[in-house]
Amino acid sequence: MGWTITEKILGSHIGKEGVSQGEHIFADVDFMLANDITFPLSINILKELKDVEFKGIKKLTLVADHFTPNKDVRSAENVKLLREFSRKYGIKLYEGGTCGVEHCLLPEEGLVVPGNLIIGADSHTCTYGALGAFSTGVGSTDLAGAIISGKVWLRVPETIKIEYRGKPQKWVYGKDIILMTLKDLGEESGIYRSLEFSGETISYLDMPQRFTICNMAVEGGEKNGIIQPDKITEAYVKERAKRTWKFYYSDSDAKYAEVRTYDISKLTPQVALPHSPLNSVSIFEISKIEIDQVFIGSCTNGWYEDLRIAAEVIKGKKVNDNMRLIVAPATYKIYLQALKDGILEIFASAGAIISPPTCGPCLGGHMGVLASGEKAVSTTNRNFIGRMGHPESEVYLANPAVAAASAVLGRIAHPDEVK
């Protein structure tokens, strides 16, 4: 019996060729991360320990991205804690002009690579599965334990294999593919399972779209999402990697809990209705819902390629008078490239608000908080009750092209409507 890519990676981190589904392991960690919301909790745990060697400390990177630029005294104090800790232990801290949304920043910097076992005190750490790594979110206490030991306790998940067939139509992207998949899987089928995304459709997707798919695997309760490496992966990694990597592939006789196949050639742009990413429908099934805000950014769709797509739709047009558009490039490198290429000028000329790289709007932290009764179209990954602000606000998730079209018309709209 063969192994899946997830089982092989986990096995390699306990000195074995592979591991079995349901097996409990204590595995070596290659890389770990935390941010300005989650790491202060870990710091409080670590401070209580006396004369304890932190064996995993050098595997840690910190990113101050959630409430930065600091929105208030409390967020400033949290970042201060990270800064003091990073200086004390010689840990890299991304802050200010070097910062960005962590799940875009770390691949961009080449710090997360294929074949790694990666944990992070953030649920969307599963993003890096797009590189062919085992990557999953953990709690702040688990992260503290990994800093102390350099290892993490895991139960080997079962794997659901997702096979995508066909070439996506125009205006259909990775965001639409994962929204459709999550809806079909439902709330229960993915709990503590691995989603292995495969099939010919993957070859049509650039790395940002693959990151988006793996990023949202957690929304159905999955332990991780993963894509086997190919030439696109290799080209991306070779240009950036600061650490060694290894490609793993599933065996032809690997055991899967389930296999599902989808024809993506027939998929239309999807919109997740309030209040769940699993509540998606085709945009053609939606009536003319007026909105108050559009947000284009986050670790799902703040990539350069996403900004370019949105700019293509909005170029030469204006943001609707009855709403606001916020655009947040995910990192400063993306910001600078979009600036050089005139993309930010397109948004600014349309009347958009250009934000520095931040997670703020996604979690209702700052830079785009919704008021009672307001409706927003967002390219983020979650639309839970109160996620972006007031509990009585509503968030609709969509791809960047749909978001840009909605900003022009002031209602949820298909990109072809603004041509």
Side-chain angles (χ1 to χ4, degrees), residues 166-181 183 201 204-206 208-210 212-213 216 264-273 277 279-298 300-330 334 338 341-354 361 375-381 383 394-419:
K167 182 178 182 179
Q169 301 179 43
K170 186 178 183 181
W171 308 125
V172 173
Y173 306 97
K175 184 62 159 288
D176 307 292
I177 292 172
I178 189 59
L179 286 176
M180 175 277 297
T181 304
K183 178 180 181 179
T201 304
Y204 295 109
L205 307 180
D206 55 25
Q209 294 188 71
R210 299 179 187 196
T212 297
I213 288 173
M216 293 189 66
I264 299 303
S265 67
K266 300 177 182 179
L267 186 66
T268 56
Q270 302 288 295
V271 176
L273 307 178
N279 192 23
S280 68
V281 297
S282 168
I283 192 168
F284 297 114
E285 299 178 34
I286 297 177
S287 59
K288 295 183 179 181
I289 300 174
E290 295 184 355
I291 53 175
D292 303 282
Q293 176 175 297
V294 166
F295 174 60
I296 299 173
S298 85
T300 41
N301 290 123
W303 300 91
Y304 174 84
E305 290 81 356
D306 297 313
L307 303 185
R308 187 183 63 213
I309 290 166
E312 178 185 347
V313 175
I314 208 167
K315 185 176 181 179
K317 302 172 182 64
K318 294 291 185 181
V319 174
N320 189 278
D321 290 339
N322 297 318
M323 57 146 301
R324 56 197 178 270
L325 166 62
I326 302 169
V327 178
I334 294 172
D341 293 346
I343 290 176
L344 296 189
E345 182 178 357
I346 290 172
F347 288 126
S349 297
I353 302 163
I354 310 297
K375 296 179 174 65
V377 170
S378 177
T379 65
T380 54
N381 42 35
N383 59 342
E394 295 182 354
V395 179
Y396 298 78
L397 304 181
N399 73 44
V402 170
S406 302
V408 173
L409 296 182
R411 60 173 174 80
I412 297 177
H414 190 284
D416 284 342
E417 293 185 70
V418 300
K419 292 295 183 181

**Asked** What distance do L205 atom CG and T212 atom OG1 have between them, rounded to the nearest 0.5 Å?
**Response** 9.5 Å
**Asked** Nearest 0.5 Å, what's the NZ-CD1 distance between K175 and I309?
**Response** 11.0 Å
**Message:** Minimum heavy-atom separation for S378 and V395, please, with both atom names.
**Reply:** CB-CG1, 3.9 Å
**Request:** Kindly indicate, with the supporting measurements, whether the criterion side-chain contact (heavy atoms from CB on, under 4.5 Å) is fulfilled by N301 and I296.
**Result:** CA-CA 7 Å; N301 290 123; I296 299 173; 5.7 Å; no
**Item:** Atom pair CD1 (I412) and CD1 (I286), whose distance is rounded to the nearest 0.5 Å
**Value:** 5.0 Å
**Message:** Quiz question: by atom type and distance under 3.5 Å, do the side chains of K183 and N279 form a donor-acceptor pair?
**Reply:** no
**Prompt:** Knowing that exactly one of D306, T300, T379, D176 qualifies, which makes a side-chain hydrogen bond (donor to acceptor under 3.5 Å, both in side chains) with N399?
**Reply:** D176
**Fill in**
Closest heavy-atom pair, I343 versus L307, reported as atoms and distance to 0.1 Å, is CG2-O, 3.9 Å
**Message:** Can you confirm whether the side chains of Y304 and D341 place a donor and an acceptor under 3.5 Å from each other?
**Reply:** yes
**Message:** Counting neighbours of CD on Q169 that are heavy atoms of other residues, nucleotides or ligands and sit closer than 6.0 Å, is the number greater than 12?
**Reply:** yes
**Message:** Does K315 have more than 12 heavy atoms from other residues, nucleotides or ligands lying within 6.0 Å of its NZ?
**Reply:** no
**Message:** Once side-chain hydrogen bond (donor to acceptor under 3.5 Å, both in side chains) is applied, do any residues pair with R411, and if so which ones, sequence neighbours excluded?
**Reply:** E417
**Request:** List the atom of P277, the atom of L179, and the distance in Å for their closest heavy-atom pair.
**Result:** O-CD2, 3.5 Å
**Inter-residue atom distance S406.OG - I283.CD1, 0.5 Å rounding** = 6.0 Å
**Message:** Tell me every residue that passes side-chain contact (heavy atoms from CB on, under 4.5 Å) with E305, counting only those two or more places apart in sequence or in another chain.
**Reply:** D206, P208, W303, R308
**Pairwise distance CD(E394) to CG(L273) - rounded to 0.5 angstrom** = 9.5 Å
**Nearest atoms (heavy-atom pairs only) where P415 meets A405** = CA-CB, 3.7 Å
**Which atom of S280 lies closest to which atom of Q270, heavy atoms considered** = OG-OE1, 3.7 Å
**Item:** All side-chain contact (heavy atoms from CB on, under 4.5 Å) counterparts of V319, not counting sequence neighbours
**Value:** I314, M323, L325, A350
**Rounded distance [0.5 Å steps], CE in M216 versus OG1 in T181** = 10.0 Å
